[in-house]
Structure formats: C-alpha cells, structure tokens
There are 2 protein chains.
Amino acid sequence: MTTPAQGLHSHVLATLGLAITAGEYPPGTVLRTDELAQRFDVSRTVVREVVRVLESMHLVESRRRVGVTVLPTASWNVYDPQVIRWRLAGADRPRQLRSLTVLRSAVEPVAAGLAATHATPEQCRELTEHALGMVATSRGRRLEEYLVHDIAFHRVVLNASGNEMFARLGDVVAEVLTGRTHHHVMFEDPDPAAVTLHVQVAEAVRERDAARAEELTRQIAVGALQELDVLAP
Amino acid sequence: MTTPAQGLHSHVLATLGLAITAGEYPPGTVLRTDELAQRFDVSRTVVREVVRVLESMHLVESRRRVGVTVLPTASWNVYDPQVIRWRLAGADRPRQLRSLTVLRSAVEPVAAGLAATHATPEQCRELTEHALGMVATSRGRRLEEYLVHDIAFHRVVLNASGNEMFARLGDVVAEVLTGRTHHHVMFEDPDPAAVTLHVQVAEAVRERDAARAEELTRQIAVGALQELDVLAP
DNA sequence: TGTGACGTAAAAGTAGTACTTTTAATTCCC
DNA sequence: GGGAATTAAAAGTACTACTTTTACGTCACA
C-alpha cells in the first residue's frame, strides 16, 4: 500500500518516486520502460510520462540503448516538495528532517526581519492571533491544535517577508513541524520558552522592530536544533 | 530561436517553459494538447510528456474536458533549477535576481559557519586557493576569471557546510553571480572590500572560527544586497 | 596481442490511431 | 426557474509500428 492512486500516472509515479528516494534502487540501477510497464500493468505510454517527470526531478536519467538509470542523491532536486514528501515518508526521514531544520534556522530569522518591515496590518493580526492560539493550546496535551497554529504562524511570517523564495518554504516548514510533532514523545507539552518567543516575535513584527524579530526567531531556531540533537544525536 | 533542441521533447519543453515563466501566457490561459502538437509539429505523445513535466513544476495544471491551464506564479516550483534558469533568461530577471540574492543572504552566512566546523583540509585549501585567485584577478578588467573563482569559492562553502540543502544551492549562486557580472557596468573592477572579506572568510574557516566566518559572510551578503539596490532601486 | 573500424541489436524516442473516462455545458422536463 | 439527464469536448490510456541512437561484440589489420 502506497498512495490512493486516482489515475494510473499518479500511482506509478508515487510508487516509483517513493521507492527511489527510499533507496530501494541504489544509484546506477537500470530500469527498462517496458519492464516497468509490465510490472505495473500499464502501457509504456504511462511509464514514459512517469520517467519524464522523475527525470525532471533528477531522480533518474534516461539514455537510449541503456535504459533508465537511478541517479545518486547528490543530483536530486531536494527542494521539490514532492521529493521532500517522499523522503519524509521513507527511510532517511531523520536526515531529511535535520537538513530541513538547518535550512529553517538560516531562512526564518531573515524572513522574520523582513516581515517586520513588510507585514500588512492583516498579517500582523494573524500573527498575533496564532501566537495567542499557541499559548492557549500549549498545555494539556492539545498538540494537534497547537500544531495548526504553529504552522500558520510560520507560514504568515514567510509570506509577510515579501520574498517569494521564502514564501514557498511554507509547505516545507509545515512538513517539518508536522513530522516533529508526530515523532515526539507525545506526552510532553511544547516548550514554554518557545511559546513565549513566538508571542514576542509577533510583538516585534507589530512594532516594526526588524532586528528584534530576527533575533527572537533565531532563538526559536536554536531551540528547534537543540531539540533535534536531543532526539536524534 | 530559443534553444539548441536535441530531441523534440527538450525543444518543446524549453519553448513552453520559457514562454510560461516569461508571462507570455497569463495565469488561467488554457492550452489544448493537440493544438500544441499541431503548433510544434510533433505528436501528441511528445506534448503530453512535456505537459506532465510542466505539471510537476506546477507551472500548469491539466484537467479533463478543460485542457492545460497555466497556473499563477505563486504555485510555481521556484526552487527548480530549470525554472530558475527560465526566469533568469526571461522578463522578470531583475525580480528573480533580487529574491535569490535575499535567499543567499540568509543561507550563506549560516553555511559558512557550518563550513568552519565541517570543512575538510582539502576544502580549506580550495577555499584559500580561490580567495587568492579572486585577489589576483580583482584588478585590470579580468572579470570573467574573477567570476570563476568567486563561484568556486561560494560553491565550496556551501558544500563544506555538510548540509545537502545548502549544497544544492551552489548552482543557484552560480547563476546569480554570473547574472550579476554580465549585467554590471563592466568597466569597474570588483569591490576591493568584498575581495578582502572573501580572503578573511577562508581564513576564518581554516581556523575553525565559525562565528567569524558567519559574520564575515554576512557582510559579503550585505554588500551584495546594497549593490543590488544601487543597480535596480 | 592490441587497436580500430564496423555491424548488430537493444532500448529509448516518436508517431498515429483507436478507444475510455471524466466533466463542463447544454438541454429538457417538471 | 431549478434540477436531472444528455452531450460532446478534451485529457487519459492502450497498442502498434517505426526511427534513432548507441553500447557492445566481432573481425580484420597492424
């Protein structure tokens, strides 16, 4: 069982993509289109379309007379949301979670700084709302509700930065936060210090204090990294 | 004339991808596969494969009975190197250059800090080598040679960070630096202050001084951003 | 024995056609 | 006028036939 699979293309793509990113086919493995067609019981047409997509993600390379070769991790489009999802669902989830968290620690403080100067009143309002939401749900095992606010908070910050590259990391952050919550010891409530920091970030943005927003977000990031070290040293 | 075009698929993909990212088809525009097949004088098979790839980049969306709809910029996979190249080659090159530079300013300092603790002796050597190369070519209109060292330098830093997400930004940085050089007033030599900073970063990494490497790289980034403000206010 | 030209076959690439499925839009009935 | 049935348009899938590239093995020649 892999994915719902409405549409043959989606199904084959999901299956193959997941298998490759999970390392089931070591780099250099050669697949042949009609072999795949047979294996999945679909036409070569469908397989070819899938291969073209995998090729655009640089997961495989297709060469005449050779076949479809699986490429090493180093050439993968690791920023492709689809690739990220596959990897988070597969074997090297911890590694992926760590590298994404490091990326966050670089990007989010800068994004917060920019948000302080660019955020619209509406965005400021949303920020405050979600920060307060986090406070409200930070105790009593309400992790799922907390997560919703946490994700929304960070998404607003990234969007408010006014930089489209940052904005597009919203989904990535959502994945990371979700992954983290669901793999935690679910007994403990979120770190109160982190909650406070979120409230303060919202404050700083509202007050147009870029330096403070950046610094506070940096502290949140440090916390996230430390947490990761404790969980997976 | 758009691209060399070895292979029908590549040609159609390049043409369509470029046109869409250049905004020639406003979001919501509907294309039909057999119309495209006719226009490019290729089979529908080829067009379908191209559409599937564009779909995986979230440039378009294909729906039955409707056709292939061009999606708004907000949904594009802006981290896809191919999309980045298309956008840099097209109309909103300045915007793209700016958002990428902001991304760099967030990522590279952190990467440099990590590099200071993770760089191998070989990487330290390369770093120093390229920094000195930059010094050597920083005067006398040797911009192309300078560029090679500049790109190599930043690539080594990103790789040495040990984070695969950072490492994969090497190509992006290369594109940005190349774009900047080629669109500058080519009369002036690179900023001497920047050159010095690169040498110092190499030094800091060699001495395992993470904080200093990070701070110095941050200064390089600030310089790049200011430069951008002067050029395209 | 080594080397280079050559031929072969295997696999991807392309084309075209026939058919299925979904679904927007129109029609028609109540 | 609103909702159900019909229709047709476009993508999705399959299959088959053919073209092009090219890795690999063969064989001749030095």
Side-chain angles (χ1 to χ4, degrees), chain A residues 2-17 19-20 25-72 75-77 82, chain B residues 2-17 19-20 25-72 75-77 82:
Chain A
T2 47
T3 326
Q6 27 99 346
L8 297 183
H9 175 85
S10 320
H11 172 242
V12 177
L13 181 63
T15 309
L16 264 183
I20 293 172
Y25 305 99
T29 305
V30 177
L31 310 165
R32 263 160 301 114
T33 52
D34 37 10
E35 184 228 312
L36 291 173
Q38 206 174 346
R39 172 133 65 94
F40 288 101
D41 191 35
V42 295
S43 69
R44 201 161 72 97
T45 313
V46 171
V47 172
R48 295 201 82 267
E49 287 171 13
V50 168
V51 168
R52 281 259 131 99
V53 171
L54 293 174
E55 216 175 356
S56 86
M57 294 170 174
H58 290 92
L59 295 186
V60 302
E61 183 193 42
S62 174
R63 287 171 59 199
R64 270 175 155 137
R65 167 68 213 240
V66 175
V68 177
T69 315
V70 177
L71 294 175
S75 39
W76 297 353
N77 265 193
Q82 183 60 84
Chain B
T2 46
T3 327
Q6 28 98 344
L8 298 183
H9 175 84
S10 319
H11 173 241
V12 177
L13 181 63
T15 310
L16 265 182
I20 293 172
Y25 305 99
T29 306
V30 176
L31 310 165
R32 262 158 301 114
T33 53
D34 38 9
E35 184 228 312
L36 290 173
Q38 205 173 348
R39 172 134 65 92
F40 288 102
D41 192 35
V42 295
S43 68
R44 200 160 73 96
T45 315
V46 171
V47 172
R48 296 201 83 264
E49 286 172 12
V50 168
V51 167
R52 280 258 130 99
V53 172
L54 293 175
E55 215 175 357
S56 87
M57 295 169 173
H58 291 92
L59 295 185
V60 303
E61 183 194 41
S62 176
R63 286 171 59 199
R64 271 176 156 136
R65 167 69 211 241
V66 174
V68 178
T69 314
V70 177
L71 294 175
S75 39
W76 297 353
N77 265 192
Q82 184 59 84

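Here is the naming used below: chain letters follow the sequence lines, and residue numbers restart at 1 for every chain.
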Rounded distance (Å) that lies between atom C1' of dT16(D) and atom CZ of Arg48(A): 15 Å
Closest contact, heavy atoms only, Ile20(B) versus Trp76(B): O-CH2, 3.7 Å
Ser75(A) side-chain N/O to Leu71(A) backbone N/O, donor-acceptor pair under 3.5 Å: no
Whole-Å distance separating the CD atom of Glu49(A) from the P atom of dT14(C): 13 Å
Nearest-Å distance for atom pair CG/P, residues Leu13(B) and dT14(C): 12 Å
Steps toward side-chain contact (heavy atoms from CB on, under 4.5 Å) verdict (Val60(A), Thr69(A)): CA-CA 5 Å; Val60(A) 302; Thr69(A) 315; over 6 Å; no
Nearest-Å distance for atom pair CG/C1', residues Leu8(B) and dT20(D): 11 Å
Stepwise side-chain contact (heavy atoms from CB on, under 4.5 Å) test for Val50(B) and Phe40(B): CA-CA 12 Å; Val50(B) 168; Phe40(B) 288 102; over 6 Å; no
Rounded interatomic separation in angstrom, taking CG from Asp41(B) and C1' from dT14(C): 12 Å
Residue-phosphate contact under 4.0 Å: Arg52(B) side-chain N/O, dT13(D) OP1/OP2: yes
Salt bridge (Lys or Arg N to Asp or Glu O under 4.0 Å) contacts touching residues 59-68 of chain A (sequence neighbours left out): none
Euclidean distance, atom NE2 of residue His11(A) to atom P of dT13(D) [Å, nearest integer]: 12 Å
Candidate nucleotides dA14(D), dA18(C), dG13(C), ranked by approach to the side chain of Arg44(B) - the nearest: dA18(C)
Touch class at under 4.0 angstrom, heavy-atom based, for Ser62(B) against every strand present: sugar-phosphate
Atom-pair distance (CD on Glu55(B); P on dA11(D)), nearest Å: 11 Å
Under 3.5 Å: donor-acceptor pair, side chain of Gln82(A), backbone of Ser56(B): no
Contact list (N/O, under 3.5 angstrom) for nucleotides 6-10 of chain D vs protein:
{"from": "dA8(D)", "atom 1": "N3", "to": "Arg65(B)", "atom 2": "NH1", "distance (Å)": "3.2"}

Glu49(A)/Arg52(A) ion pair, N-O < 4.0 Å: no
Touch class at under 4.0 angstrom, heavy-atom based, for Val42(A) against every strand present: sugar-phosphate
